[in-house]
Amino acid sequence: MTAEYNPKKIEESAQKKWIEDGRFEAKPDDREKYYCLSMFPYPSGKLHMGHVRNYTIGDVISRYKRMNNFNVFQPMGWDAFGLPAENAAIANEVSPKEWTNDNIEHMKQQLISLGLGYDWSKELRTCEPKYYKWEQLIFKKFFEKGLVYKKKSLVNWDPIDETVLANEQVIDGKGWRSGAPVEIKEIDQWFIKITDYADELLSSLNEVDWPENVKTMQENWIGKSHGAEIKYQIKDSEEYLTAFSTRPDTIYGVSFVAISPNHKIALNLSEHDKKIESFLKQCKETSSAEADMAKAEKLGIDTGMKVIHPLTDEEIPVWIGNFVLLDYGTGVVMGVPGHDQRDFEFASKYNLDIKQVISSSTNDELPVLTKGILLNSDKYNDLDSDSASKKIIEELSEKKLGEGLIQFRLRDWGVSRQRYWGCPIPVIYENGDAKLVEENELPVVLPELPKDSPPIPLSQNEEFYKISDGIERETDTFDTFMDSSWYYARFTSADNDSEIFDENSKYWLPVDLYIGGIEHAILHLLYSRFFHKALRDMGMVEGNEPFKKLLTQGMVLKDGTKMSKSKGNTVDPQSYIDKYGADTVRLYMMFTAPPEQSLEWSESSVEGASRFIKKVWNLVICRNYEDINIPDNFSKEELDLRRKTHTTLKKVTNDFETRFSFNTAIASIMELLNAIPDDFKDKDASNSKKYCLNETIIIILKTLNPIAPHVSEFLWNHFYNLNAPEEIESSWPKVEDSLLEVSEFELVIQINGKVRGKTTARIEDTQNQIEEMAKKIENVAINLDDKNIKKVIYIKGKIINFVI
RNA sequence: GGGGAUGUGGUGGAACUGGUAGACACGCUUGGCUUAGAACCAAGUGCCGCAAGGCGUGGGGGUUCGACUCCCUCCAUCCCUACCA
């Protein structure tokens, strides 16, 4: 008589109990704390596979830590502002708020049905005034600290819809809705001086336990480079064009200077020159996204202007180049076609001089991109690049035509968005002067939309922005990266409406483990790190870094590409939860690939996960373990099972603890289950066999608990109620080291690195004994064939290799 | 264009520190159970070959007694590229 495994029933009752007991609600106590955070989702409607994977990883680790007596805090919330809500509002005629909140309610139920152990008492939603009130306060404090300023900056402008478009809304240079060619427009926007922290953002990467690739990506993004600012006097003028270069050693190779199409000189020239005017118009049609710009054909136009080379006094032509960014450096670059790929292509196209000023160690073909020895460089000839750079900077400094400079690739963070569904920027303009809204008047609440209205930007909502004559509110909203840059800290005091961070924050911060998609490796993580440092400097949080350890999980793919609606290759996790239960979906997710790697969705493997759970169910459900005594001694077969049980436990513990390698942990639990001999499962098996099986079942259920918590807890309570009072999640089992010792091993015998035989040997055998034994193996003897043995390599406990 | 990854059977993956390549699972084949099917159980399953044996971790080269692992080079795919989140 075996009861049928019914995941729906088991899971619903377990989830209900967990919530009733408040099992995952965390309070500071004297245990070691563990703040485990998974990146909160954008409430797009329903969970996708990436969420399921991310949150299962976090939950497995949280449950494992809880079993190891950590005080675990695992909260969840919603990154609730953003573009899709506005799109949905237009498409479905619901307000962004309604749409967002409906989605949250649905997705929250999905998270609960996955058995994720969140502390829902700390749930937060970024679109609620009680959250963004504090964000507005932080912005005010940033402003007071001098970290905020306004400047003109470029946006994609849709001339038909008269709106600013996000890069993803620009398709082949056209607005996605209107189809009109997008224009690049310059408007006044709010910026945050993240560059003030550039150096520290770089150096304190040493303090965190993050994957090396993420650290490298951040390093390269911040991009600290040593170089020089070099001033080129404009001919017949007192003015200069200042260019930054990391290669001042190539200064004798400069054959043109290129300025950005948005540089004020270019704009001035276009007023009197039709050709330049039409060129600038053409430039405005290229999307401002970096990837698009890089792919776009490099175009330029000669301004006819000349500048004076600071060392040779030669006249150099000034061009306008569509590849020069105004926002980066000075908006001016010096063109060295002999030693820069892009400049080389540009010069070849427009027949500009290409001079070699650095020797090449390998071949003479230009451009030579490596450093080397200078030539054609007057008195600097024969110096190496580095010392030449130094001396050239000295000369430029003396002439007051340049200076050595450290430059960052990182640019200040533009936080203004001209949209409705976002956090209002708390600024009031009095006759054009910007003033921050007083603290006691926060929050500036996002106005409700008029009934049946599409989401109109705040700039079209006079009721919102007009306070009185000459006094108006700011109508930009914040970039949603602002919302997600500090939520990790707010979780720790999410239920406190009188303080942004409180005593609990001190206890829980920093986040011990942060888990999320690799796609956030740069922007989100960099902004959050910046926020933490700025908040620290304002005395609001402690420590230098928000996230101690980082786990970046790979994408869930189908047919080799990211699941997406546009490709029509999405798989809805809900149907699998409904069909197989949450435990199976969790087990599948953890078994199919290691967390950092991308996971290829496979329908039939889900079936396999379900089968394994049923096997465990069938093993445990029909057992009756009354009256088992501790045996005095064990047979060899019994000891073998006990050894297998404890080596498995050791491996699983190691996989959880040091590698987050859940797929191999699960594989070894499966192996253990397969290793139980049939006669141990007999109803009338001996007491000692039952004892060993008992031990194995305990370890299987315990180690499975973080991954498949519902079924393991159910079976535990069923199986264990007679034997002990312990709750399954109360402790992680201990390895009995004495059971692990082995005296024999399988010796592999190689000849010239090829396997020619295997035999059983004892660990304590000497190399000589091993050699003699190996030579007697038939296939080894045939292959050795009296040949001269040049060398013998013996790796203890593993392998012996004869070199002939 | 720049930056970061990945590449192993029919499939997902394992091999953690340079030491038996393919654990575990899916699929498939055969057999058992069944009126039949599903489910379940047992055995087999990298490729070529009747076999002996040979080949084999994206391609090419190198270091080593020994390379999925280290080095060089090429190719393919994926992610990020500052207004998707």
Side-chain angles (χ1 to χ4, degrees), chain A residues 39 41-42 44 79 81-84 154-156 164-170 194 211-214 216-221 223 288-296 298 323 327 341-342 345 409-419 479-481 484 517-524 526-527 552 554-555 557 560-562 588 591-594 596-609 611-612 614-615 618 651 654-655 658-659 661 663-664 666-671 674 746-755 758 790-793 795 798-804:
Chain A
M39 289 180 187
Y42 179 78
S44 55
D79 190 11
F81 275 136
L83 208 46
L154 307 175
V155 293
N156 302 308
V164 174
L165 298 178
N167 284 337
E168 75 159 7
Q169 295 175 310
V170 180
I194 189 172
E212 278 311 314
N213 60 332
V214 177
T216 308
M217 281 191 255
Q218 294 223 343
E219 260 169 46
N220 292 333
W221 183 263
S288 61
E290 197 198 67
D292 293 332
M293 289 195 63
K295 269 178 232 138
K298 310 288 173 284
F323 54 89
D327 286 342
Q341 188 65 40
R342 185 188 60 196
E345 283 161 22
R409 204 189 79 99
L410 180 69
R411 308 199 294 260
D412 277 337
W413 177 12
V415 295
S416 284
R417 296 293 181 271
Q418 297 70 37
R419 287 191 245 288
D479 174 11
T480 55
F481 274 125
S484 57
I518 184 71
E519 65 272 23
H520 295 292
I522 297 174
L523 293 179
H524 163 62
L526 194 68
Y527 293 141
T552 48
M555 318 222 120
L557 309 176
T561 49
K562 190 175 172 174
Y588 165 77
F591 178 61
T592 298
E596 300 87 346
Q597 264 179 49
S598 55
L599 181 154
E600 174 69 34
W601 176 259
S602 143
E603 179 81 34
S604 50
S605 296
V606 183
E607 203 69 62
R611 211 175 287 171
F612 173 66
K614 281 184 197 151
K615 279 190 196 174
N618 290 335
K651 174 159 176 57
N654 184 54
D655 285 349
T658 65
R659 310 202 291 158
S661 173
N663 55 330
T664 53
I666 293 163
S668 60
I669 300 171
M670 288 175 168
E671 247 185 279
N674 295 341
E746 191 187 36
L747 175 73
V748 173
I749 303 137
Q750 296 183 335
I751 294 170
N752 287 350
K754 288 195 171 161
V755 178
K758 292 173 192 176
K790 290 183 199 152
K791 201 169 167 187
V792 182
I793 292 127
I795 307 295
K798 279 185 180 153
I799 210 161
I800 187 159
N801 187 12
F802 296 100
V803 184
I804 57 173

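Keep in mind that what you see is a predicted model, and the values were worked out from it rather than measured. Order of the sequence lines sets the chain letters (A, B, ...), proteins ahead of strands, with each chain counted from 1.
Taking CG of A:L526 as the reference point, atom CD1 of A:I194 lies at 4.5 Å (rounded to 0.5 Å). Between the OG1 atom in A:T480 and the OH atom in A:Y42 there is a gap of 8.5 Å [rounded to 0.5 Å]. Put simply, CG on A:N156 and CG on A:L165 are 6.0 Å apart, with the number rounded to the nearest 0.5 Å. Here CE of A:M555 is found 14.0 Å from CD of A:Q597. Values are rounded to the nearest 0.5 Å. A:L523 contributes atom CG, which lies 9.5 Å from atom CH2 of A:W413 (distance to the nearest 0.5 angstrom). To the nearest 0.5 Å, atom CD1 of residue A:I666 and atom CD of residue A:E671 are 13.5 Å apart.
Note: CG (A:L599) to P (B:rC79) measures 15 Å, nearest angstrom. Here B:rU6 presents its C1' atom at 10 Å from CG of A:L557, a figure rounded to the nearest Å. Following rounding to the nearest Å, A:W601 (CH2) and B:rG13 (C1') show an atom-to-atom distance of 16 Å. Protein atom CD of A:Q341 is 10 Å distant from nucleotide atom P of B:rG1, rounded to whole Å. Straight-line distance from the CD atom of A:E345 to the C1' atom of B:rG2: 13 Å, rounded to whole Å. Separating the CD atom of A:Q597 from the P atom of B:rG13 is a distance of 6 Å, rounded to the nearest angstrom. A:E600 has its CD atom 17 Å from the P atom of B:rU6, to the nearest Å. Between the CG atom of A:N213 and the C1' atom of B:rG2 there is a distance of 17 Å, given to the nearest Å.
Residue A:K651 is classed as a base contact, given a heavy-atom separation below 4.0 Å to a base. In this structure, A:E746 reaches the bases: a heavy-atom distance under 4.0 Å links it to at least one base atom across the strands shown.
Nucleotides B:rG56 and B:rC68, compared at atom P, are 10 Å apart to the nearest Å. Straight-line distance between the P atoms of B:rG9 and B:rC74: roughly 24 Å, to the nearest whole Å. Going from the P atom of B:rA52 to that of B:rG46 covers 15 Å, rounded to whole Å. Taking atom C1' in both B:rA21 and B:rU69, the straight-line distance is 11 Å, to the nearest Å. Comparing the same atom, C1', in B:rG22 and in B:rC70 gives a spacing of 22 Å after rounding to whole Å. Separating the C1' atom of B:rG12 from that of B:rU57 is a span of 16 Å, rounded to the nearest Å. Taking the P atoms as reference points, B:rG60 lies 26 Å from B:rA15, given to the whole Å. A distance of about 30 Å separates the P atoms of B:rA23 and B:rG37, rounded to the whole Å.
No donor-acceptor pair closer than 3.5 Å links the side chain of A:Q750 to the backbone N or O of A:F802. With hydrogens and angles disregarded, no donor-acceptor distance shorter than 3.5 Å links the side chain of A:D79 to the backbone of A:S484. Side-chain atoms of A:N801 do not come within 3.5 Å of backbone N or O of A:I793 as any donor-acceptor pair.
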Nucleotides 64-66 of chain B: which of its N/O atoms have a protein N/O under 3.5 Å away?
{"unit_1": "B:rC65", "atom_1": "O2", "unit_2": "A:N801", "atom_2": "ND2", "d": "2.6"}

Could I get a table of every N or O pair under 3.5 Å where one atom is in the protein and the other is in nucleotides 52-56 of chain B?
none

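Partners of A:R419 according to the side-chain contact (heavy atoms from CB on, under 4.5 Å) rule, which considers only residues two or more places apart in sequence or in another chain, are A:L83, A:E86, A:A166, A:Q169, A:R417, A:T477. A search for side chain to side chain donor-acceptor pair (under 3.5 Å) contacts involving A:E345 returns A:Q341, not counting sequence neighbours. In this view, A:E290 and A:R409 satisfy the side-chain contact (heavy atoms from CB on, under 4.5 Å) rule, not counting sequence neighbours. Every residue was checked against the side chain to side chain donor-acceptor pair (under 3.5 Å) condition with A:E168, not counting sequence neighbours, and none meets it. Not counting sequence neighbours, the partners of A:H520 by the side-chain contact (heavy atoms from CB on, under 4.5 Å) test are A:M39, A:H524. With sequence neighbours excluded, the residues satisfying salt bridge (charged side-chain N to carboxylate O under 4.0 Å, His left out) with A:R659 are A:D655. Not counting sequence neighbours, the partners of A:A667 by the side-chain contact (heavy atoms from CB on, under 4.5 Å) test are A:F591.
A 4.5 Å side-chain heavy-atom check between A:W601 and A:Y588 finds at least one atom pair inside the cut-off. Annotation: side chain of A:T592 is not in contact with side chain of A:N663 (no heavy-atom distance under 4.5 Å).
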When every nucleotide of nucleotides 80-85 of chain B is labelled 5' to 3' by its protein contacts under 4.0 Å (heavy atoms), B for base, S for sugar-phosphate only, - for none, what sequence of letters results?
SBBBSB
Letter by letter from the 5' end, nucleotides 22-32 of chain B scores (B base, S sugar-phosphate only, - none; protein heavy atoms under 4.0 Å) -BBSSS-----
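Here B:rG9 is in the syn range [glycosidic angle within 90° of 0].
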Where does RNA chain B pair, written as one dot-bracket string 5' to 3', with Watson-Crick or G-U pairs under 3.5 Å, ( ) inside the strand, [ ] for crossing pairs and | for another strand?
(((((((..(((......[....)))((((((.......))))))(((....)))..(((((..]....))))))))))))....
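The A:A294 side chain lies nearest to B:rG1 when the options are B:rG13, B:rG12, B:rG1.
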